[in-house]
2 protein chains.
Amino acid sequence: MPATAFDIATSRPDAAPEFSPRQQVVLQHALTLLVEGGEKALTTAGLARTASCSKESLYKWFGDRDGLLAAVVAYQASQVQFPSEAGATADAETFRAHVTAFVEALLGVLFSESSLALNRLSIGQSNTNSNRLGQLLLVRGKNMISARARTMLESGRRHGLLKFDDAEDAYQVLYGLAIRDVHIRLLLGDAANAAEQDLNSQAETAVERFYQLFGA
Amino acid sequence: MPATAFDIATSRPDAAPEFSPRQQVVLQHALTLLVEGGEKALTTAGLARTASCSKESLYKWFGDRDGLLAAVVAYQASQVQFPSEAGATADAETFRAHVTAFVEALLGVLFSESSLALNRLSIGQSNTNSNRLGQLLLVRGKNMISARARTMLESGRRHGLLKFDDAEDAYQVLYGLAIRDVHIRLLLGDAANAAEQDLNSQAETAVERFYQLFGA
DNA sequence: GGTGAACCGTACCGTACGGTTCGGGCGGTG
DNA sequence: CACCGCCCGAACCGTACGGTACGGTTCACC
């Protein structure tokens, strides 16, 4: 029994499921279908036709439809990469620039069509299946990012650039200042306005306010 | 043709669809089914059985299943009531208390099981049906609340208690400070931790930070 | 008492989709 | 060449659900 849904859900978050190239191509097709038409558009027959594979292979690789959905989530999560923080706490200037870059990358990920599609999918399934998808997205997505953010903020605190008691709390404020209600509006199908599409200036404004609250 | 889905979607947001008492009972049953089991749990046959009505009546009242979903959204939106702001800008103390109460009410609504269920439903449908549900939720829910908030904040500015350029921008910051990532986590099926369930203290912290940024 | 509207309960139909099975093609290996 | 594993394409099955039709009941009104 190869990489089935069960393995994905229970494996360590940092252990990549290592889909074969062929499987990754299929998962990319599945993701495209999801982005275009939502969950209803991702049928096993439709995916088999689009990806030129047989339904038999889909069931062999992913177990069942839920396993396929979980695999899509895991696959896209593995595609997301954040800029590394190679010693970016040199001085106040570069640290703040680094924080801004982090926020901009966060906005870029959360507002991307693929992320929105998978969030929509997971949210739609969150009260069924013992909520495997939602947990998967939280563990492989949000928690990874939040961990990265906390270490970054704590590094700033150690260098006397920031002041806060709880890094998680500080990160949540930064998140709120940056995202506001844009994420939920996009999830509901609303369109971002011009200002909200300028991720760089959005990030700078958020960081500016964050420093007003937590700057040393 | 009575209050069909089409009427609901195109009618003015402030024109209540005026469901009959019998229909409201049925819609309440539908909402309960949604809260308990998500969209999949709301089948026409299941609702007819639960609410002791006939499918024929459902289709007569609401047109089709989409119309039923839209009616549930409209019904629950009409149930949400915010505390009135009867001259609450008397002095700085009571105004700030009023802002805090508003934020607490906002948290209470957004984190309620019915609101979460309807947001999940609308988000899950947001890339189908020309996105009627999402727009409905935005217009009847978020926009109403945001309008209330803006007038409140502008009243505070007129009285010299707050300082900002754009009321919408200020409200978004207040929203972000209060909600952070809790909403999306709850939508994904995560549970709120102890601190996040204390809506009052959450609201006070958010307002405290909001005043640091926008207090006069 | 008669009439008609509203409604309930149930049976029914068509379809879409998840999941299985089968025949056949293709490439590697002894 | 024979065998075998992997896979494609297509046909097939069972079921769940949206939507419709119909007989029977209640009740208001004349």
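Note on naming: letters A, B, ... go to the chains in the order of the sequence lines (proteins, then strands), and numbering restarts at 1 for each one.
Rounded to whole Å, the distance from CG on A:L58 to P on D:dG9 is 11 Å. Counting to the nearest Å, the P atom of D:dT15 and the NZ atom of B:K40 are 16 Å from each other. Atom CG in A:L47 sits about 11 Å away from atom P in D:dC8, given to the nearest Å. A straight line from CG of A:L69 to C1' of C:dC17 spans 14 Å, rounded to a whole angstrom. Remark: C1' of D:dC17 and CG of B:L68 are 14 Å apart, rounded to the nearest angstrom. Note: CZ (B:R65) to C1' (D:dT20) measures 17 Å, nearest angstrom. Rounded to whole Å, the distance from OH on B:Y59 to P on C:dC7 is 17 Å. As a whole-Å value, the separation of A:W61 CH2 from D:dC6 P is 12 Å.
Contact of A:K55 with C:dG19 (side chain to base): a donor-acceptor pair of N or O atoms is detected under 3.5 Å. Applying the 3.5 Å distance criterion, the base of D:dC6 shares no donor-acceptor pair with the side chain of A:E56.
A sub-4.0 Å separation between OP1 or OP2 of C:dC8 and a side-chain N or O of B:R22 is present. Residue B:S57 places at least one side-chain N or O closer than 4.0 Å to OP1 or OP2 of C:dC8. Of the side-chain N and O atoms in B:T44, none sit less than 4.0 angstrom from OP1 or OP2 of D:dC17.
With D:dC7, C:dC17, D:dG19 as the choices, the nucleotide that has an atom nearest any side-chain atom of A:T43 turns out to be C:dC17. Of the candidate nucleotides D:dC8, C:dG9, C:dG19, C:dG9 has the atom lying nearest to any side-chain atom of B:S52. Relative to the side chain of B:C53, the nucleotides C:dC8, D:dC8, C:dG19 differ in distance, and C:dC8 lies closest. Of the candidates C:dA6, D:dC8, C:dC17, the closest approach to any side-chain atom of B:K60 belongs to C:dA6.
Around the CG atom of B:D166, the shell of radius 6.0 Å holds more than 12 heavy atoms that belong to other residues, nucleotides or ligands. Around the NZ atom of A:K142, the shell of radius 6.0 Å holds more than 12 heavy atoms that belong to other residues, nucleotides or ligands.
Of the possible polar contacts, one joining the A:E196 side chain to the A:N193 backbone as a donor-acceptor pair under 3.5 Å is found.
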Subject >> Derivation of the ring pair (Phe, Tyr, Trp, His ring centres under 6.0 Å) call for B:F102 and B:F82 >> reply: CA-CA 8 Å; B:F102 179 92; B:F82 268 56; 5.3 Å; yes
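A salt bridge does not link B:R180 to A:E168: none of the charged nitrogens lies less than 4.0 Å from a carboxylate oxygen.
Within the 4.0 angstrom heavy-atom criterion, no nucleotide atom of any strand lies near B:R49.
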